[in-house]
Amino acid sequence: MIDNWRDAFIDLAYFISAVLLIISLNQLGSPKTARVGNQLAVGGLLLAIVATFFNRDIAGGDYWVILLGIAVGGAGGYVMAQRVQMTAMPQMIAIFNGMGGATSALIAVSEFLGKSDLGRGTVLSIALGCIIGSIALTGSLVAFAKLQGLVPSRTALPGNRQLITAGLLGGMALLGAITVILQDGALAQTVLILTFLLALAAGVLLVMPIGGADMPVVIAILNAFSGVAAVLSGFVVNNQLMIIGGTLVGASGVFLSLLMAKAMNRSIGNVIFGAFGATPSAGGAGTGGGESLPVREVTPDDAAVSLAYADRVIVVPGYGLAVAQAQHSVQELASLLQERGVDVRYAIHPVAGRMPGHMNVLLAEANVPYDDLYEMERINGDFAKTDVVLVIGANDVTNPAARDDPNSPIYGMPVLRVDEAERVIVLKRGMSTGFAGVENALFHNPKTSMLFGDAKASIGKLIAEVRAA
Amino acid sequence: MIDNWRDAFIDLAYFISAVLLIISLNQLGSPKTARVGNQLAVGGLLLAIVATFFNRDIAGGDYWVILLGIAVGGAGGYVMAQRVQMTAMPQMIAIFNGMGGATSALIAVSEFLGKSDLGRGTVLSIALGCIIGSIALTGSLVAFAKLQGLVPSRTALPGNRQLITAGLLGGMALLGAITVILQDGALAQTVLILTFLLALAAGVLLVMPIGGADMPVVIAILNAFSGVAAVLSGFVVNNQLMIIGGTLVGASGVFLSLLMAKAMNRSIGNVIFGAFGATPSAGGAGTGGGESLPVREVTPDDAAVSLAYADRVIVVPGYGLAVAQAQHSVQELASLLQERGVDVRYAIHPVAGRMPGHMNVLLAEANVPYDDLYEMERINGDFAKTDVVLVIGANDVTNPAARDDPNSPIYGMPVLRVDEAERVIVLKRGMSTGFAGVENALFHNPKTSMLFGDAKASIGKLIAEVRAA
Amino acid sequence: MLGIYILTLAIFLGAVLIMRVPSTLHTPLMSATNMISGIVLIGAMLVVGSVDSWWLQVLGFLAIAFSAANVVGGYAVTDRMLKMFKQRAPAAGTSGKGER
Amino acid sequence: MLGIYILTLAIFLGAVLIMRVPSTLHTPLMSATNMISGIVLIGAMLVVGSVDSWWLQVLGFLAIAFSAANVVGGYAVTDRMLKMFKQRAPAAGTSGKGER
Ligand SMILES: NC(=O)c1ccc[n+]([C@@H]2O[C@H](COP(=O)([O-])OP(=O)(O)OC[C@H]3O[C@@H](n4cnc5c(N)ncnc54)[C@H](OP(=O)(O)O)[C@@H]3O)[C@@H](O)[C@H]2O)c1
Ligand SMILES: NC(=O)c1ccc[n+]([C@@H]2O[C@H](COP(=O)([O-])OP(=O)(O)OC[C@H]3O[C@@H](n4cnc5c(N)ncnc54)[C@H](OP(=O)(O)O)[C@@H]3O)[C@@H](O)[C@H]2O)c1
């Protein structure tokens, strides 16, 4: 057994920390306990960090390097966390994924350059960790830049995309394999550094051509990457806690990517290797075709009246609401109606907004109690019993073509059945399509009337009119 | 890494087997996939068994011992499994728990007597495995005997029960500790054998005084014991597959014991160290008091008519239905009513019958589709909308005292809210109490009418009358 | 230490998986766990392999017989029960649809 | 071999736990996993402890800074979001009660 108390303490601390991480993930399963869960997790991490200071290898100057690093990084992270807008959450998460990947890559590299006679298994973990971590790093930076609009949404690269991809993957596999075979020595180190650089490039080249609207999926995938990279560095330094923690992250990333892909009725491969480039043109055509079809407009006061005198109203918020930062005005309108005895609920599509659960956060920020928010499965049956549906900056998630039109690119994607309600009022700026780039027949449905303009402005008018009504 | 292919194959087989066990448990989570899950599990076990034949230590005569043992045991198990009545399921499970515990105990003993210079940790696992396994063995046999009525339900032992219990536990702890301290040699072996014998006695003495009606809880606890014992033998022979498998069993046993205790509004300790001995007298008194209160009897034809002309009927089956073996006649009655357009559903209390999920199995045997069976939480709201509730051999699970009467021993136990229905018809043989031994005010509720007699006979009459109606 | 990690993870995993099992299936679950506890059979085999004296072999034989009975019997009885669980033929089924 | 068992059990456990998270909480879940992936910080510390050359120490410093940012930032932003999640005050709450 363990004959040394210092090591025993460290082992125990790591073990407890692992247990805390697992429990915390369980607590994150319900809004009531989620906050405690988050605190348990950070508690576990802090415990592990403190324990690590007792490791024998850490001595003298190391403390200063470590403490300084923690201070700098921690402060930076804290500021970011406080400053970020809720609408910018995807960018924030992208950055964090990148930093996670970077850490794992750096661990792999410095372990390989710093130590000699490492076992084959360890070297393999090093090579893989270096590749995956680096891709997570640069890929996330590109994703961030796209979400921020720093680089154009769809950047066609010169040359055949499939070819480039294949080349990059092949090259990294080759270099990685060589590293593992050499296993040791100056040459091996050079090869690993080349692998590292190639992987950094690969992250950029793989994500660059992906459409900006697919970034959320990319982010979830890179989230998984950062987790897998953590697992691998766990194998590198032979630490179970890192393996377990990384696995939990990886599982979450994989699950959310699949969820999004499913909700968008796309395959992961289709997102990454993008047959998607085609759709928008189709969308453009769709939009063109759209103009010809009749569209009923509605005046704010008319819309306000039918809202004010309805029994049941369902609000369908979408990405546009986020863009317009209209969440607070929506809440104001909703409570106005509720005061008048109208039953107001929110229907949240799993991929409304720009990342999973994004709408819930935005509306929570606007003090909408989460038990007014209904997930699609729970509320889809109720639209038929609803008087007015208020669609605010949502488009694809309401598109009936997903149910009716087998030729539609989004056919099969589960959508909110808004067109079953008595009346539908749509708030958007114009007739342009959503991110899927497809025409939405809902807007031409006789039940539907459009209130054009920026969501926030339109809602402002509605509020005024409802007050008047 | 592993330098030997034979061992590598065995390790791999064990690993796959562990994965199969985990997946199977997941599949057991839904009636649709449960059967596949069961097959996956047995597949995993067979794989592990086959792989073990390749172990180097097994040679020559060992094969015959093993094959003969598997043949004999397997045949015996198969016959039991085919012969057992669904109503006798608790007995069957008791026997299996006992055999599982026995195996672990035998492994512990023969490992200790057969090998020398074992590590402290191993010896500790041996001592614990021997104790827990033995208790599971003899305890299960007693539980079986009680369920079969071979020994009287409540056997008061001479002397103070708490004292005996304490003595037994203390004695085992002491002997076990000595074994671990001695760790090796003839004396240690003798002490372990003493531990073994004392544990066998303890199993008997601990379970003997527990009321027969509590046997299901005891069985679940012993199920957990058999799992824990398996984990310990896993540590003894240092085998991860056994550790994982045993853990899954233990988790299930613990969960089901807690579930039953909760549904019976008792604590595990209270069940084992039995403040329970008191209750029945209270029940007797209750019954006595019961006679005085008015009770409405009903004739079969009257009952049949109100069933035949009802829109909504809910059947509440209880332990009495199992005793009367009336499940098939109930199904016949139900389908008769359904043919007449009556909406018939079954409300299943979590601890109706004599083990968790027991009613579901009995009704499934009678070809009742499982989507007609509603768990308490799902159906409790619907009693208010129900015309007739047919309570068949159920008692405690319908007792309103659990909600109204803070002094009732079952106060706080969640029950079916049958008294919210228009009318309640109760089929039982007399006014005697259920297993909790408490008077049931439901039977004196003006809404309630009693149809006395054996459940099967009474239902037979109802069927005839409904046909006539 | 690694053993502890495996044990702990298995405990959490087992707990989460078991909690997902609906009470409808609790009896088959119990008999299925009887089968799974039969995994000690491989332990018994290893013991038979490692001990020499005839009477320890006898103990091993008993252990093998018991656990084999758990594997076969547990599987058979669980399968017998699960075979009986039937969903209502879609044709018939309407009552209480709302609940689902 | 043991490492593989730990990894596999953790994968299953993670999958089961994540699937329990309602979509309402998917964004906080993601930022929380960002924090958890900050666990690599301890790996970075070990590296700093084990390497000597100044420039490897620099790499280690960067690694530590990045992962510390994940831990602190991931926690802070998740907490910020979760603080905002409110249940309706029981007084008001009736609309759509049936759903629950
Ligand atoms: N949530 C996720 O995880 C995720 C991830 C990846 C992709 N997606 C995709 O994102 C889409 C989400 O669907 P969605 O219906 O929420 O959004 P959407 O389909 O992208 O449509 C948003 C609509 O909002 C309108 N809009 C934009 N700015 C506005 C403003 N300031 N005021 C008013 N309206 C404005 C736009 O029309 P106008 O320009 O005419 O105003 C646009 O049609 C889905 O296609 C989903 O697949 C989601
Ligand atoms: N399911 C579990 O896991 C479990 C485990 C441990 C304990 N329990 C306990 O078992 C009880 C189960 O409640 P329950 O309502 O199902 O059963 P119960 O409360 O035990 O009542 C059964 C009733 O059935 C009647 N009965 C017996 N044989 C009958 C026959 N042949 N024909 C007609 N009626 C017959 C008896 O009354 P008559 O004698 O007057 O006919 C008795 O009152 C609960 O107290 C529960 O806590 C359950």
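Side-chain atoms are counted along with the backbone in the values below, which use heavy atoms only and exclude waters and symmetry mates. The sequence lines fix the lettering, A, B, ..., with proteins before strands; numbering per chain opens at 1.
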**OP:** Go through the structure and list residues passing side-chain contact (heavy atoms from CB on, under 4.5 Å) with A:Leu258, not counting sequence neighbours.
**Re:** A:Val254, A:Ile268

Original post:
Do A:Tyr370 and D:Gln87 come within less than 4.5 Å of each other through their side chains, counting heavy atoms only?
Top reply: yes

Distance-only criterion, 3.5 Å: show the donor-acceptor pairs between side-chain atoms of residues 1-14 of chain D and protein atoms not counting sequence neighbours.
{"from": "D:Tyr5", "atom 1": "OH", "to": "B:Phe15", "atom 2": "N", "distance (Å)": "3.3"}
{"from": "D:Thr8", "atom 1": "OG1", "to": "D:Ile4", "atom 2": "O", "distance (Å)": "2.6"}

Subject >> Under 4.5 Å from a heavy atom of chain D, the part of A:Ala34 involved >> reply: both

**OP:** Could you tell me which portion of D:Ser67 (side chain, backbone, both or neither) has an atom closer than 4.5 angstrom to a non-hydrogen atom of chain A?
**Re:** both

Original post:
Going through the checks in order, is the side-chain contact (heavy atoms from CB on, under 4.5 Å) test met by A:Asn360 and D:Leu25?
Top reply: CA-CA 8 Å; A:Asn360 304 79; D:Leu25 290 173; over 6 Å; no

Subject >> Segment of A:Asn55 engaging chain D (4.5 angstrom heavy-atom cut-off) >> reply: side chain

Original post:
After noting the C-alpha distance and the side-chain angles of A:Leu28 and D:Leu82, does the key distance pass the side-chain contact (heavy atoms from CB on, under 4.5 Å) rule?
Top reply: CA-CA 10 Å; A:Leu28 280 165; D:Leu82 292 175; 4.3 Å; yes

Original post:
So, A:Asn97 side chain and D:Asn34 main chain: donor-acceptor pair closer than 3.5 Å or not?
Top reply: no

**OP:** Go through the atoms of A:Leu68 and report whether side chain, backbone, both or neither lie under 4.5 Å from a heavy atom of chain D.
**Re:** both

Original post:
Does any heavy atom of chain D fall under 4.5 Å from the side chain of A:Thr247, the backbone, both, or neither of them?
Top reply: side chain

Original post:
Relative to chain D, which segment of A:Phe235 carries a heavy atom at a distance below 4.5 Å: side chain, backbone, both, or neither?
Top reply: side chain

Subject >> Part of A:Ser233 lying under 4.5 Å from any heavy atom of chain D >> reply: side chain

**OP:** Examine whether an atom of A:Pro31 lies under 4.5 Å from a heavy atom of chain D, and if so say whether it belongs to the side chain, the backbone or both; otherwise answer neither.
**Re:** both

**OP:** Examine whether an atom of A:Val109 lies under 4.5 Å from a heavy atom of chain D, and if so say whether it belongs to the side chain, the backbone or both; otherwise answer neither.
**Re:** side chain

Original post:
Hey, does D:Ser23 have a side-chain heavy atom less than 4.5 Å from the side chain of A:Ile348?
Top reply: no

Original post:
A:Met89 versus chain D, heavy atoms under 4.5 Å apart: side chain, backbone, both or neither?
Top reply: side chain

Subject >> Side chain, backbone, both or neither of A:Glu365 within contact of chain D (heavy atoms, under 4.5 Å) >> reply: both

